[in-house]
Amino acid sequence: MSNCDVSEKLFTIRYKCDDKSHLVIKETDTCLKCATKDCNFFCPSDVYEWEKKLKITTVAYENCIECGTCRIACPSDNIDWVYPKGGHGITYKFG
Ligand code: SF4
Ligand code: SF4
């Protein structure tokens with residue numbers, strides 16, 4: 001078994017959270033109509049989760065490791081993505 005899985009890699013990074021999300025869902029209706037909810041699967045940090053009761057995609061932006069996948073992987077281009085503002089976001093401890 002590999003000892004290089006993502007959950008272990010996540011211990012090698014440090015976050016400084018902004019109080020404002022750098023990831024914004026553009027249209028909640030688009031998520032409602034999205035059958036595949038791809039963002040619930042492609043994000044390595046599980047930032048996006050479909051909240052069935054509220055019928056919205058929740059965004060745990062403080063867990064984002066800034067890999068950039070969601071800029072291109074949402075089939076409806078429904079995620080607004082910018083880098084966290086200066087001094088916030090991720091710091092890699094190694095490498
Ligand atoms: S993949 Fe895009 S459209 Fe679908 S639920 Fe996620 S953010 Fe919404
Ligand atoms: S940039 Fe990467 S880690 Fe951050 S929310 Fe998008 S897919 Fe997840």
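What you see is a predicted model, and the numbers here were worked out from it, not measured in a lab. Whatever order the structure lists them in is the order used to number ligands and atoms, beginning at 1.
Across all non-hydrogen atoms, the minimal contact from W50 to K37 is CD2-CE, 3.2 Å. Between C70 and L23 the shortest heavy-atom distance is SG-CD2, 4.2 Å. When all heavy atoms are compared, the tightest approach of I79 to I25 is CG1-CD1, 4.1 Å.
For atom 6 (Fe) of ligand 1, protein N, O or S atoms closer than 2.8 Å were enumerated as C39 SG, with waters left out.
Close approach to C70 involves these atoms of ligand 2, each under 4.0 Å from a residue heavy atom: 1 (S), 5 (S), 6 (Fe), 7 (S). Heavy-atom proximity to L23, at under 4.0 Å, picks out these atoms of ligand 2: 5 (S). Close contacts of ligand 2 with G68, meaning ligand atoms under 4.0 Å from a residue heavy atom, involve 1 (S), 2 (Fe).
Contacts between P75 and ligand 1, counted as non-hydrogen atom pairs separated by less than 4.0 Å, involve the side chain only. Both the backbone and the side chain of I65 come within 4.0 Å of ligand 2, counting heavy atoms alone.
Looking at D80, its side chain never comes within 3.5 Å of a backbone N or O of K26 through a donor-acceptor pair. At least one donor-acceptor pair closer than 3.5 Å links the side chain of T58 to the backbone N or O of E49.
For atom 1 (S) of ligand 2, the nearest non-hydrogen atom of the protein is W81 NE1, 3.0 Å. The shortest contact between atom 8 (Fe) of ligand 2 and any protein heavy atom is with C43 SG, 2.3 Å. The nearest protein atom to atom 2 (Fe) of ligand 2, hydrogens excluded, is given as C67 SG, 2.3 Å; this is a heavy-atom distance. The protein heavy-atom contact nearest to atom 4 (Fe) of ligand 2 is C64 SG, 2.3 Å.
Heavy-atom separations between Y61 and ligand 2 are all 4.0 Å or longer.
Heavy-atom neighbours of E51 CD from other residues, nucleotides or ligands within 6.0 Å: above the threshold of 12.
To the nearest 0.5 Å, the span separating OH on Y48 from SG on C31 amounts to 9.5 Å. Taking SG of C74 as the start and CH2 of W81 as the end, the distance is 15.0 Å to the nearest 0.5 Å. Rounding to the nearest 0.5 Å places NE2 of H22 at 9.5 Å from OH of Y61.
Counting only heavy atoms from C-beta outward, the side chains of P44 and I65 approach each other to under 4.5 Å.
The pair D77-R71 does not meet the salt-bridge criterion, since no charged nitrogen lies less than 4.0 angstrom from a carboxylate oxygen.
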